[in-house]
Number of protein chains: 2
Amino acid sequence: MFYGRDALSRITGNGAQVGTETSLTPTRLHHAAVVALIGRDIVNGKYAVGEILPFEEEFVEKLDVGRGVIREALRVLAAKGLVETRPKRGTQVLPSSMWQLLDPEILFWRIGQNFDPKFLRDLTDLRSIIEPAACALAAERASDPELQLIAALARELNYAKDDEFAFIEADLQFHRAIIQSTHNDIFVQIGVAIESVLRLSVEVTVGIGHGRRIAEHEKVAKAVCDRQVSKSRIAMAELIELNVLDIASILGPAFSNPKN
Amino acid sequence: MFYGRDALSRITGNGAQVGTETSLTPTRLHHAAVVALIGRDIVNGKYAVGEILPFEEEFVEKLDVGRGVIREALRVLAAKGLVETRPKRGTQVLPSSMWQLLDPEILFWRIGQNFDPKFLRDLTDLRSIIEPAACALAAERASDPELQLIAALARELNYAKDDEFAFIEADLQFHRAIIQSTHNDIFVQIGVAIESVLRLSVEVTVGIGHGRRIAEHEKVAKAVCDRQVSKSRIAMAELIELNVLDIASILGPAFSNPKN
DNA sequence: ATAATTAATTAGTCGTACATATTGACATTG
DNA sequence: CAATGTCAATATGTACGACTAATTAATTAT
């Protein structure tokens with residue numbers, strides 16, 4: 001919840017009326033807003049790969065901020081693998097293979113508007129692999145308190161099944177608790193990022209409403225709490241598979257067979 | 001090869017005599033060097049989580065660079081989730097759960113010196129899951145030219161088995177070719193990052209020289225080229241498992257049972 | 001005790017000046 | 001004529017100084 005809320009507000013929000021230039025005081029947009037502005041244009045292809053983007057001075061003029069702000073923003077984008085700056089040549093958009101796809105900001109920029117189905121499938125591919133494996137590891141490594149938490153969250157899921165918002169929140173916490181029980185920091189990071197972004201994208205694109213899968217969730221919780229490694233993996237795989245089918249049924253062939 | 005070499009030089013090298021302050025001209029260290037300097041100190045715990053690091057002016061004085069350079073560096077570190085700046089309070093080190101663990105720079109900073117066995121195991125955990133899955137996907141999705149490339153690299157691996165350096169390079173290309181054949185950009189990114197950093201860390205920590213596992217590599221290649229999905233997954237899992245055992249046999253229980 | 005005010009401090013921004021590295025055109029040379 | 005070396009252009013890289021704004025913490029008033 002902490003990370004999720006923070007990531008969202010840090011990314012989507014914050015924009016500080018990026019679009020509304022009609023403010024009386026020329027409310028100059030500051031660092032984060034400039035980063036988001038240029039970053040979005042890059043990941044959404046407004047600036048093509050290989051293209052040289054406007055020089056610092058042009059940005060200064062166009063956005064009405066100091067050169068320092070522009071430079072700091074470009075440095076951040078370079079740190080994320082989006083661009084590379086060089087004297088005399090300017091700032092060039094790097095090939096997308098260099099982009100740090102799992103960076104929370106880049107993730108949300110890509111999902112935020114006109115997401116592409118290929119990318120969504122890449123994400124679900126990854127989740128289909130990570131989560132069952134993480135679930136199996138959790139069955140091995142979770143401490144007893146962690147098992148109790150998982151069991152409690154499974155029950156919570158059942159209680160909240162009628163409240164749309166509460167259910168989504170509880171569902172996210174359930175998955176997060178399992179991933180955290182692997183005691184593997186990298187898993188946690190990848191898992192949490194994927195979970196949040198997939199949920200957001202599904203909500204945004206098709207409106208709310210997916211199957212609750214209460215029984216499947218409980219099956220997962222039971223397997224993990226019984227420390228049944230193999231059963232845990234399978235149960236989670238089934239749960240994810242159902243979810244993937246939900247997404248596929250809504251998005252259609254563009255998702256299932258993306259133009260590579 | 002492109003990404004690998006670049007990532008390495010961009011990270012480890014570059015440092016531009018960071019340590020050698022004995023240069024005649026006060027060779028001021030520039031942006032990338034400052035980022036690496038502070039970044040390393042954070043991920044290696046020299047600055048503890050929650051700690052406030054020196055103020056901008058102190059860095060200016062201590063490192064003999066302009067305030068702009070320091071600010072740009074801190075902004076980059078903030079973009080990587082390492083720190084958070086706030087007026088009056090200063091720059092605080094964020095909890096490690098916020099760090100972008102898969103960022104190539106952070107990855108290499110952590111491995112570079114006094115690595116921690118827990119982190120090494122986290123990495124191998126992830127690889128043990130990603131690579132077999134990727135291998136299975138490759139068996140499904142690889143194009144015919146890609147299959148030919150994989151077969152060719154497997155042969156190359158055999159030719160190069162007597163040349164230490166050439167073998168490592170060929171091995172890396174082999175794994176990369178398989179991962180790229182999944183046509184999943186996220187896989188490629190995670191896989192390549194982990195492959196490179198694990199190789200480096202293994203070289204550094206346990207020295208070079210393990211089994212070549214030529215037969216196992218060929219088994220993987222054959223399974224993929226025959227498009228045998230399940231066999232591909234298993235063959236790759238075996239290959240990885242052998243490698244993990246190599247590492248475990250040398251590092252001992254600190255690796256196998258890390259203190260949580 | 002609690003809440004509002006105020007003062008101190010540090011990051012945030014701006015602007016200018018200059019240094020440095022890369023580029024691409026041009027000239028030189030073998 | 002191709003390969004190489006030189007040179008001027010140009011945009012980023014860096015430095016410095018002044019000021020703004022936001023957060024904190026101490027102080028005061030309720």
Side-chain angles (χ1 to χ4, degrees), chain A residues 6 9-10 13-18 23-38 47 50-79 82-94, chain B residues 6 9-10 13-18 21 23-38 42 47 50-79 82-94:
Chain A
D6 189 63
S9 70
R10 179 161 52 116
N14 164 354
Q17 339 76 328
V18 174
S23 41
L24 290 175
T25 51
T27 306
R28 331 179 90 126
L29 16 93
H30 26 305
H31 176 74
V34 174
V35 173
L37 188 70
I38 304 178
Y47 296 115
E51 187 177 343
I52 306 294
L53 28 108
F55 302 127
E56 294 176 356
E57 287 298 345
E58 303 184 50
F59 273 126
V60 167
E61 196 179 348
K62 192 160 32 175
L63 302 180
D64 188 36
V65 292
R67 191 155 83 102
V69 172
I70 299 296
R71 284 187 54 79
E72 287 176 13
L74 291 177
R75 278 258 134 94
V76 166
L77 295 177
L82 294 181
V83 301
E84 187 188 55
T85 64
R86 212 180 297 175
K88 166 80 180 182
R89 196 242 282 127
T91 306
Q92 187 179 38
V93 179
L94 287 176
Chain B
D6 190 63
S9 70
R10 180 161 51 120
N14 165 350
Q17 341 70 333
V18 174
E21 303 185 28
S23 42
L24 290 174
T25 51
T27 304
R28 332 179 88 123
L29 16 93
H30 27 305
H31 176 74
V34 174
V35 172
L37 188 70
I38 305 178
I42 292 173
Y47 297 115
E51 187 177 343
I52 306 294
L53 24 113
F55 302 127
E56 294 177 355
E57 286 298 346
E58 302 184 52
F59 274 127
V60 167
E61 195 179 349
K62 192 160 31 174
L63 301 182
D64 187 36
V65 291
R67 202 173 144 228
V69 171
I70 299 296
R71 284 187 53 78
E72 287 176 14
L74 290 178
R75 278 260 137 93
V76 165
L77 295 177
L82 293 180
V83 300
E84 188 188 54
T85 64
R86 213 182 297 174
K88 167 81 180 177
R89 195 239 288 124
T91 306
Q92 186 178 38
V93 178
L94 288 176

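Note on naming: letters A, B, ... go to the chains in the order of the sequence lines (proteins, then strands), and numbering restarts at 1 for each one.
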- Message: Rounding to an integer number of Å, can you tell me how far A:Glu61 CD sits from D:dA11 P?
- Response: 13 Å
- Message: Looking at every non-hydrogen atom in both residues, tell me the closest pair between B:Val76 and A:Ala79 and how far apart they are.
- Response: CG1-CB, 3.6 Å
- Between atom CD1 in B:Ile70 and atom C1' in D:dT14, what is the gap in whole Å? 12 Å
- Grab the CZ-C1' distance between B:Arg86 and C:dT13 for me, whole Å please. 20 Å
Pairs under 3.5 Å (N/O, protein and nucleotides 6-10 of chain D):
residue : atom : partner : partner atom : Å
D:dT10  : O4'  : A:Lys88 : NZ           : 3.3

- Between B:His30 (NE2) and D:dA15 (C1'), how many Å, whole number? 15 Å
- Taking for each residue the nucleotide of DNA chain C bearing the nearest heavy atom, is the 5' side occupied by A:His31 or by A:Glu57? A:His31
- Gap between atoms CD and P, on B:Glu58 and C:dT9 respectively (whole Å): 14 Å
- Query: So, is A:Arg71 near the phosphate of D:dG13, with a side-chain N or O under 4.0 Å from OP1 or OP2?
  - Reply: yes
- Please identify each residue that fulfils side-chain contact (heavy atoms from CB on, under 4.5 Å) with A:Pro54, with sequence neighbours left out. A:Tyr47, A:Glu58, A:Phe59, A:Lys62
- Separation of C:dA21 atom C1' from A:Glu56 atom CD, nearest Å, is 14 Å
- Sorted by chain and number, sequence neighbours left out, side-chain contact (heavy atoms from CB on, under 4.5 Å) with A:Val69 holds for A:Val34, A:Val65
- Message: Taking atom types as they are modelled, would you say the side chain of A:Arg67 forms a donor-acceptor pair with the base of D:dT14 within the 3.5 Å cutoff?
- Response: yes
- Could you please spell out the steps behind the side chain to side chain contact (heavy atoms under 4.5 Å, CB included) verdict for A:Leu77 and A:Val35? CA-CA 7 Å; A:Leu77 295 177; A:Val35 173; 4.0 Å; yes
- Note on the structure: Taken in chain and number order and not counting sequence neighbours, the residues that satisfy side-chain contact (heavy atoms from CB on, under 4.5 Å) with B:Leu94 are B:Glu84, B:Met98
- Query: Who passes side-chain hydrogen bond (donor to acceptor under 3.5 Å, both in side chains) against B:Gln92, sequence neighbours left out?
  - Reply: B:Arg89
- Residue list, side-chain contact (heavy atoms from CB on, under 4.5 Å) with B:Glu61, at least two apart or on another chain: none
- Task: Describe the nucleic acid contact of B:Gly90 in one word from base, sugar-phosphate, nothing, applying a heavy-atom distance below 4.0 Å.
- Result: sugar-phosphate
- Between CZ of A:Phe59 and C1' of C:dC14 the distance, given in whole Å, is 19 Å
- Tell me which nucleotide among C:dT13, D:dT12, C:dA11 gets nearest to the side chain of B:Thr85. C:dA11
- Task: Take B:Arg89 and A:Glu72, find for each the nucleotide of DNA chain C with the closest heavy atom, and name the residue whose nucleotide sits nearer the 5' end.
- Result: B:Arg89
- Task: Specify the separation, in whole Å, of atom CD of B:Gln92 and atom P of C:dT9.
- Result: 20 Å
- Task: Verify the contact: side-chain N or O of B:Arg75 to OP1 or OP2 of C:dG12, cut-off strictly under 4.0 Å; return yes or no.
- Result: yes
